Structure formats: structure tokens, C-alpha cells
Amino acid sequence: IVEFIGCTSENTGREGAKVYDKSAGGVLVRFTRCRWKSPWTARVPDHRGPRVPVLLELRRPELTERPGGIEFDDCYVYDAVNRAAVAVAVERPGHGVRNVRGVIRSHNPAGARMEAGPSPVNGGLQVAPDRP
């Protein structure tokens, strides 16, 4: 297990957290009590991907055909911009993420949502509204 416990990223130039090319069959990556606040504060005009607080991405499909193996426990996203809290960027059909689970609470006036990409997320990751 590779575990990030009690981490906070705030006012980042890009994503608060990005996990890419991570195999579902490898070690588990777990985020416990992590907070991501106000991402994408820098102007990045040449960036063509999703601009979200948490990004799960498959960049090089030759490294893994089964991306995933990520867990979120008691994590929060605080964002004032109308966008998804989490995005899955997997371009190849049939390469949706696997074994990605947990709940990320989103504090966003526009609501809580996730962009799952063209293939569904397998494993039960949920983005839910922050508790009042």
C-alpha cells in the first residue's frame, strides 16, 4: 500500500491530485483524510485535458491494460468553479478504471459530480455533496 494520510493541497497550478498509468493489479494507492482546495489557479493555455481537482488518467496504455487500484477514505474537494470534482481520462475503449472505490465529498456551489469517461468506473467510486 502507498498511502497519503491527512494531506492538503491548496491553490495548485494544476490538479490537486493526479494518478496516472497506475495498474489495478499493482500496489493499492490510498488517500485517507486528504483535502484538495482551489486547484487550477495558474493559467495553462496549452492544456487540453480535463481541469479538475482530482484526475485519474491513462497516458500510456502500453504500461497497463487495467488501470486502477485506488481508494479514497474521508476525502474532500473544495472548489468554487463549476466543474467535476473527479475525472477519469481513459481514451481507449474497454480500458475503464478498475478497483477504484470510496467517497469523495465535494463542496461546490454547482453540485457534486464526476466525469467517468467513455468506459465506466468499476469499483464504486462516488462523488457526493459535502455534508452540511
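In this text the structure is predicted, and so the values were computed from the model without any measurement.
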Give a yes or no on whether the backbone of Leu58 and the side-chain of Lys22 come within a donor-acceptor separation of less than 3.5 Å. no

Value for CG (Asn99) from CG (Leu125), rounded to nearest 0.5 Å, stands at 12.0 Å

Acceptor/donor pairs from residues 10-17 side chains to any protein atom, 3.5 angstrom cut, sequence neighbours excluded:
| unit_1 | atom_1 | unit_2 | atom_2 | d |
| --- | --- | --- | --- | --- |
| Thr12 | OG1 | Arg14 | O | 2.7 |
| Arg14 | NH1 | His47 | ND1 | 3.2 |

Salt bridge (Lys or Arg N to Asp or Glu O under 4.0 Å) filter on Arg59, not counting sequence neighbours, yields Glu57

For Asp21, which residues count as a salt bridge (Lys or Arg N to Asp or Glu O under 4.0 Å) partner, sequence neighbours excluded? Arg60

Going by chain and number, the hydrophobic cluster around Leu55 (ILVMFWY, side chain to side chain under 4.5 Å) further includes Val52

Given Phe72, which partner from the list Val103, Val127, Val54 fulfils the side chain to side chain contact (heavy atoms under 4.5 Å, CB included) test? Val54

Mind checking what makes salt bridge (Lys or Arg N to Asp or Glu O under 4.0 Å) contact with Arg83, not counting sequence neighbours? Asp79

Ring pair (Phe, Tyr, Trp, His ring centres under 6.0 Å) filter on Phe4, not counting sequence neighbours, yields Phe31

I need the Arg105 CZ to Asp74 CG distance, nearest 0.5 Å. 9.0 Å

Kindly say whether Ser23 contributes a backbone atom to a donor-acceptor pair with the side chain of Arg98 at under 3.5 angstrom? no

Beyond-backbone contact of Thr8 with Trp36, side-chain heavy atoms, under 4.5 angstrom: no

Spell out, yes or no, whether Ile70 and Tyr20 are grouped together once hydrophobic residues are joined by side-chain heavy atoms under 4.5 Å, including indirect joins. no

